[in-house]
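Each remark here refers to the structure printed beneath this line.
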Amino acid sequence: MQVETNTDRLVQRFREGDPIAFEKLFDQYSQKLYGFVQSYLKNIQESEEITQDVFYKLWINRSYLKSDEAFKSYLFKVALNNIRAYFNRKNTEEKHKQLVAQEFILLADSSADEMEYSAVMKLVDQIIDQMPAKRREIFLLSRKEGLDINEISNHLNLSESTVKNQLTNAIAFLKDEVKKNNLSSYLFFMLFYR
Amino acid sequence: MKQEPKHINDYFEGKRSFNNELKVREYFTDDDIHEQVDDVVGEQWGNYSPTEEERNPKLKYLFYELQYKINAEKEQKRIKIRKMVSRFMQVAAIVVPVVLFLGYNLGWLQGTNGYAEQIEVHSPPGTRARFILPDGSTGWMAGGSTLKYPVRFDGDRVVEMAGEVFFDVEKDRNHPFIVKLPDYEVKVLGTQFNVLNYPTDSISEVVVASGRVEVADSYGTYSKVLHPNKMLELNKNRQQIQISEVNAESYTSWIEGRLEFNNDNLYEVVQKIERFYDVDVELNIDGLEDQLFRAKVNIGNLRELLRYMRLTMPIKWSMEQARKDNNGTITKRKLTIEKK
């Protein structure tokens, strides 16, 4: 009970713009907030940025935080919004790699389902990187940017048939690589010996 | 969706298989299960406390960095305000004498000395503005609203308004607070209530958040007492009133930057969009007039709202950016909503 009244008074002082109360609240909640966000993100820099952003928003909106409860629930809400935004952004960045993984790797090797996500992404990166530059560019324009053959040919000033051929080659290359690499052992290696 | 707590909890514990990662990301970004996910994560949050190795000794530096940022912003604001004040003073120098002169003349014509100068404030479309009245009452004005009040209240506290205004009135038993509108007036002693009365709308409404509110028309044909969570609607064309039970919060959430739609039809939705987002809307929705829409969104992100609308109604939309034409007049951005 004692502790609660103390926080209540802290939040009240914080609401009135007291920088010392702000610092105390930061000391009280920042480690929990950071640790929690980091449990999801596993990315120190991003988790630090989110921690800072949450406290920044708390400060900006302090006049609405009428109680200890309001302070705590707002803190959690902003943290969760940030985690959501992070997943959204990552999904946009990695969508094409997820699809490549599902289309080529997981179909070729069902045990890959249980492989660690980051290992799968790394593998996809490596395979794509091995393509010749032009083919890789065309492949990424198609899979990552979602352009169709006509748009790619306009964009790169190539004929549609060239683009079509390069895409066919890219897909054949992916299939070959997956076969050649004996993936499951490769993935296990990535998983345990990184 | 029974599965999701397990996936999310596994993930939280560090299980990062390809499949689990995809599932958890999908849960977190799927608007339809927003609340379920919030609950699961909320429970984790409640039970969580960081272990020694999860702690980050660098965090305090983040605080110092933040403090620096906040102070820098404060300094910037001070400079901006100083600039604004000097601009305001230039404008005030022109406007004030006119008002005082008018005030003086009217006072003289009416044969009273107590005529107080009026202040008129406007909030541009797409904004919200907070105000404080001379008696300490406060409130918020929605975009495109006007509020008129005297520099000093003398006797009854009388204000005039157009648009949408939320009032939080200081208690003063001896001096009723009166909002004068063309069709009726709202009289209170000390309460919180929302008044919506755009001159271009045929519907006007008063919603009570707390306390007791009296609404009476200018001709004395009706006088109603409203309690919290009651709404009085006036159809201005027919001069008909209707009182209903509502959730006052959904009518006042805009003051906290949230907009709520509670089974609003598309016309009502569009009216709110025009006011809160500063955009002109064209509606081509033959046959969808009765489509009802429910949502809670944060004001500010129009695209998010449009995405919700498109998910729940068979519509499509397009946006034309704001333009300046040859005469230098600026046309607002224009949103077109059509039937799909």
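Within every chain, numbering begins at 1; the chains are lettered A, B, ... in the order of the sequence lines, protein sequences first and strands thereafter.
Under the 30°/60° scheme for interplanar angles, the aromatic rings of F55(A) and F22(A) are found to be tilted. Relative orientation of the F193(B) and F177(B) rings is perpendicular, given thresholds of 30° and 60° on the angle between their planes. Ring geometry for H7(B) versus Y27(B): interplanar angle of 30 to 60°, hence tilted.
Taking chain A as the reference chain and counting heavy-atom pairs below 4.5 Å, the highest number among E256(B), E65(B), H34(B) is found for H34(B). Comparing Y48(B), Y11(B), W45(B), F12(B) by how many heavy-atom pairs each has under 4.5 Å with chain A, the most go to W45(B). Between chain A and the residues E13(B), Q67(B), K15(B), R55(B), the largest count of heavy-atom pairs under 4.5 Å involves R55(B).
Proximity to chain B among residues 78-100 of chain A is limited to L80(A), I83(A), R84(A), F87(A), N88(A), K90(A), N91(A), E94(A), Q98(A), judged by heavy-atom separations below 4.5 angstrom.
A search for salt bridge (Lys or Arg N to Asp or Glu O under 4.0 Å) contacts involving K32(A) returns nothing, not counting sequence neighbours.
Heavy-atom distances place the side chain of K58(B), and not its backbone, under 4.5 Å from chain A. Only the side chain of Y64(A) comes within less than 4.5 Å of a heavy atom of chain B; its backbone N, CA, C and O stay farther away. Q44(B) touches chain A through backbone and side chain together, each having a heavy atom under 4.5 Å away. For N61(A), no part lies under 4.5 angstrom from a heavy atom of chain B. Proximity to chain B (any heavy atom under 4.5 Å) is restricted, for F26(A), to the side chain, taken from C-beta onward. Interface residue Y64(B): only side-chain heavy atoms are found under 4.5 Å from chain A.
Residues F139(A) and F173(A) keep their aromatic ring centres 6.0 Å or farther apart. Centroid-to-centroid, the aromatic rings of F71(A) and Y29(A) come within less than 6.0 Å. Taking the six-membered ring wherever Trp is involved, the centroid distance between the rings of W140(B) and F166(B) does not fall below 6.0 Å.
Checking S253(B) against S250(B) by side-chain atom types alone, no donor-acceptor pair falls below 3.5 Å. For the 3.5 Å distance criterion, the side chains of S17(B) and N19(B) fail to qualify, holding no donor opposite an acceptor.
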Inset, instruction - Test side-chain hydrogen bond (donor to acceptor under 3.5 Å, both in side chains) on E54(B) and Q38(A) and set out the steps. - result: CA-CA 8 Å; E54(B) 282 173 328; Q38(A) 174 65 351; over 6 Å; no

